[in-house]
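Here is the structure we will look at, set down as structure tokens.
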Amino acid sequence: MLSTAVQAEPLDIERIFASPSLDGNAPRALKVSPDGERVTFLKGKQTDYERLDLWEYHIDSGETRLLFDSNDLQSGEEVLSDEEKARRERMRLSGSGIVSYQWSADGKALLFPLGGDVYYHKLGEKGAKQLLDTDVFETDIKLSPKGNYISFIRDQNLFVKHIESGKETAITKEGGGNIKFGMAEFVAQEEMGRMTGYWWSPDESFIAFTKVDESPVDVISRSEIYADDIKTIDQKYPKAGTNNVLVELAIQNINNGARRWVDLGEDKDIYLARGKWMPNSETFTYQWQTRDQQTLELRAYNVPTEKQSVLLSETSNTWVNLHNDLYFLSDSDQFIWASERDGFKHLYLYENNGKLVRQLTQGDWVVDNIEAVDAKNNRIYFAGRKDTPLESHAYSVSLNGGDISRITNEGAYHSVSFSKDASIFIDRFSTINSPAQVSLNDASGKRITWLEENKVEEGHPLHAYMDSWTKPEFGDITTKDGATLKYRIYKPENLEKKHPVIVYLYGGPHAQVVTNSWAGNRGLLMQHWVDKGYVVFTLDNRGSNYRGKAFEDPIYKKMGFVEVDDQVAGVEFLRTLPYVDAKRIGVHGHSYGGYMTLMTMFKAGDYFQAGVSGAPVTDWRLYDTHYTERYMGNPKTDDDAYTASSVFPYAKDLKGDLLIYHGMADDNVLFTHSTMLYKHLQDLAIPFETMDYPGKKHSIRGKQTGIHLYKTITNFFDRNLTPEQ
């Protein structure tokens with residue numbers, strides 16, 4: 001801790017959730033307008049930080065102004081449809097009011113949904129025009145590429161509406177029941193990151209869309225338990241090893257209504273992972289994935305000829321990761337593609353016929369994603385981990401190949417958003433010790449202006465706590481079999497005595513916990529713990545992200561094995577530290593981290609004396625197809641692997657104190673996961689504690705609920721690990 005002559009103000013749990021947020025009322029969804037003249041963003045109200053409004057910063061004048069107050073357009077309680085609630089949960093969208101918006105391609109208009117309807121604002125005109133005003137809740141509302149139409153889903157059908165004339169056209173009419181048009185199915189939204197089921201051609205002449213038939217999918221009956229009500233929900237949920245939806249792909253002419261169905265092949269048990277048009281509006285590409293996810297094909301369908309081809313194919317002995325890094329160059333017949341074929345995610349340049357031109361990036365590091373392409377100067381901008389896996393940076397490289405240039409400053413974690421012409425970008429960056437700051441930079445990385453300096457100085461909500469702030473240390477450990485693992489550790493002030501430890505973990509794929517980035521309320525909770533006398537430790541085990549495919553692959557058909565071994569290696573490292581009490585080590589995580597908490601407590605009870613498991617998976621047979629089968633195979637053929645990776649064979653070996661909490665309306669990791677374990681432990685006559693949250697989903701949101709949850713976790717560790725002040 002930093003020393004000071006002044007008594008440091010304690011950072012307790014109520015203050016963590018205080019308003020204004022200790023993170024700062026930071027702008028969200030920052031975008032540079034397509035004309036490069038302004039930056040738009042969403043920001044909460046001074047009186048209600050979760051009710052979002054639309055703002056703009058004009059670059060030339062330096063003026064920031066409120067564009068639209070959500071209360072002026074729609075006041076009162078916002079009532080969302082069940083479909084929209086689920087969609088926002090899967091998109092991790094929080095708040096109310098204006099939660100998303102879209103620019104027209106020419107930068108002359110804005111579109112934003114609000115309360116199930118949609119509003120349209122044309123620059124230079126006053127106010128926003130309400131384009132939809134119905135009793136039905138429309139979702140997935142888009143502005144067409146040239147800005148002439150809006151499109152949306154209503155009652156499981158796809159519609160378009162001409163903005164100027166107001167004419168509305170139903171592209172499909174047969175939707176309803178098990179049939180959904182233009183909609184992404186559950187696993188596409190939750191596990192593939194595909195939130196839509198339709199795609200406009202750039203010239204607005206065609207729409208490609210999916211037809212989803214849910215009739216093969218099993219119905220599960222689950223309870224959503226609220227404080228004063230219990231709802232029984234019949235949900236189409238494809239558990240591992242069971243039937244998925246049947247998906248078809250159509251392309252329809254907007255002008256004459258002619259529809260063509262794309263031949264996806266004889267095997268119907270496949271995934272349609274992505275869709276995207278080439279700039280010529282004649283060729284629609286889609287990513288076709290086998291059920292076992294070991295083959296991914298980029299296919300191209302030519303509308304005039306009705307012929308299709310496979311442009312490229314990715315294969316793996318484990319699984320092929322999906323990505324969003326397909327970029328068609330508008331001024332040439334080429335595209336950029338990301339692949340892990342050399343063990344690390346890198347970028348490749350292809351001809352539109354599928355011929356490889358060259359590899360653009362390479363090395364023992366990963367590209368995060370493509371950010372922009374400067375066609376004029378023949379450069380591509382991307383986010384990646386070339387300097388360190390702990391920080392994401394923006395880089396550029398010529399499309400001709402060659403040296404890679406980093407354009408963001410080292411020592412921070414950056415998230416960037418470029419203008420359409422790649423001449424300027426928004427840089428949102430933070431460190432583990434400083435909350436997010438937002439600047440506008442030119443393409444070289446030079447700052448043009450601050451958009452949100454958010455400097456921790458006098459008057460900032462965090463300033464009062466800086467004298468007692470603990471800066472964590474980062475380091476590496478090497479496992480017995482030679483793997484290098486990254487860790488982060490917070491040390492209490494007095495290292496002359498032994499302290500208990502809280503190990504915070506996640507441990508699952510497509511995630512990373514140990515980064516040099518602001519950790520939000522959870523990071524503030526760690527500061528609270530270290531103030532109380534805990535050592536706080538986090539380690540990214542094998543299976544986690546941004547270290548290359550070989551670092552991920554060991555979990556294949558063996559979840560809960562190498563991850564536990566690596567976390568044990570972390571505890572063995574902790575035991576070498578003179579200020580650590582090896583007999584007082586606790587573990588906590590949520591979701592996959594909840595699963596990991598159970599597995600470490602059950603399989604490595606000599607290392608962990610207390611655990612708090614949040615919303616855990618307990619048996620992978622209960623989880624969905626796309627996620628689970630990717631890593632575990634199909635339970636029809638790999639049943640023994642599923643048994644070995646469930647928590648139940650090991651529960652009998654629980655030695656320490658265990659608390660399990662779960663949202664009682666969770667539609668992702670179903671509450672059944674926990675109730676089955678409750679019954680199993682009760683049948684074994686093994687005591688444990690529970691805390692369940694009525695009406696809460698997987699994220700367990702809400703200010704007061706968050707305070708309660710953080711207090712519950714902390715009090716549990718205080719009782720069972722007894723930190724000494």
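For residues 564-573, every residue pair satisfying the side chain to side chain donor-acceptor pair (under 3.5 Å) rule, not counting sequence neighbours, is listed here: Asn541-Gln567, Arg542-Asp566, Glu572-Tyr607. Here salt bridge (charged side-chain N to carboxylate O under 4.0 Å, His left out) pairs that include residues 508-520, with residues two or more places apart or in two chains, number zero.
Using a 3.5 Å distance cut-off with no hydrogens or angles, the side chains of Asn516 and Glu391 do pair a donor with an acceptor. Remark: the Trp319 side chain and the Asn321 side chain contain an N/O donor-acceptor pair separated by less than 3.5 Å. A donor and an acceptor atom, one from each side chain of Arg621 and Thr643, are located under 3.5 Å apart. For the 3.5 Å distance criterion, the side chains of Tyr546 and Asp540 fail to qualify, holding no donor opposite an acceptor. A side-chain donor from one of Glu563 and Tyr592 sits under 3.5 Å from a side-chain acceptor of the other. Remark: the His528 side chain and the Tyr710 side chain contain no N/O donor-acceptor pair separated by less than 3.5 Å. A donor-acceptor pair shorter than 3.5 Å cannot be found between the side chains of Asn317 and Gln294.
Atom CD of Glu496 has 12 or fewer neighbouring heavy atoms from other residues, nucleotides or ligands inside a 6.0 Å radius. Counting heavy atoms of neighbouring residues, nucleotides and ligands inside a 6.0 Å radius, atom NZ of Lys711 does not exceed 12 of them. At most 12 non-hydrogen atoms from other residues, nucleotides or ligands lie less than 6.0 angstrom from CZ of Arg522.
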**OP:** Please lay out, stage by stage, how Val612 and Ile502 fare under the test side chain to side chain contact (heavy atoms under 4.5 Å, CB included).
**Re:** CA-CA 10 Å; Val612 180; Ile502 298 175; over 6 Å; no

**OP:** Carefully, step by step, assess Tyr631 and Tyr556 under the rule ring-ring contact (aromatic ring centres under 6.0 Å, His included).
**Re:** CA-CA 5 Å; Tyr631 307 116; Tyr556 186 59; 8.5 Å; no

Original post:
Passes side chain to side chain donor-acceptor pair (under 3.5 Å), Thr714 versus Trp529? Steps please.
Top reply: CA-CA 8 Å; Thr714 303; Trp529 287 342; 2.9 Å; yes

**OP:** Go through the steps to decide whether Asn433 and Thr431 satisfy the test side chain to side chain donor-acceptor pair (under 3.5 Å), and finish with yes or no.
**Re:** CA-CA 5 Å; Asn433 298 303; Thr431 74; 4.8 Å; no

**OP:** Walk me through it: do Arg28 and Glu50 pass the test salt bridge (charged side-chain N to carboxylate O under 4.0 Å, His left out)?
**Re:** CA-CA 11 Å; Arg28 310 185 196 180; Glu50 289 302 307; 3.5 Å; yes

Original post:
Between Lys696 and Asp666, does a salt bridge (charged side-chain N to carboxylate O under 4.0 Å, His left out) hold up when you go through it step by step?
Top reply: CA-CA 6 Å; Lys696 294 301 179 180; Asp666 194 333; over 6 Å; no

Subject >> Leu658 and Ile660: CA distance, side-chain angles, deciding distance, side chain to side chain contact (heavy atoms under 4.5 Å, CB included) verdict >> reply: CA-CA 7 Å; Leu658 176 63; Ile660 305 168; 4.0 Å; yes

Original post:
Do Gln289 and Arg630 pass the side chain to side chain donor-acceptor pair (under 3.5 Å) test, and can you show the C-alpha distance, the side-chain angles, and the key distance before you say yes or no?
Top reply: CA-CA 11 Å; Gln289 188 181 48; Arg630 182 191 315 154; over 6 Å; no

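The aromatic rings of Tyr693 and His708 stand perpendicular to each other, their planes meeting at an angle above 60°, with 30° marking the opposite boundary. Using cut-offs of 30° and 60° on the angle between ring planes, the pair Phe186 and Tyr237 is tilted.
Tested against Met596, the residues Leu505, Val503, Val617 include a single side-chain contact (heavy atoms from CB on, under 4.5 Å) partner, Leu505.
Cation-pi geometry between Lys603 and Phe561 is met: under 6.0 angstrom from the ring centre, within 45 degrees of the axis. Relative to the six-membered ring of Phe17, Lys703 misses at least one condition, a distance below 6.0 Å or an angle of at most 45° to the axis. Cation-pi geometry between Lys239 and Tyr623 is not met: the NZ or CZ atom fails to fall both under 6.0 Å from the ring centre and inside 45° of the normal.
Residues passing the side chain to side chain contact (heavy atoms under 4.5 Å, CB included) test with Phe671, sequence neighbours excluded: Ile225, His662, Met664, Ser674, Thr675, Tyr678, Asp692.
The shortest distance between side-chain heavy atoms of Leu524 and Leu11 falls below 4.5 Å.
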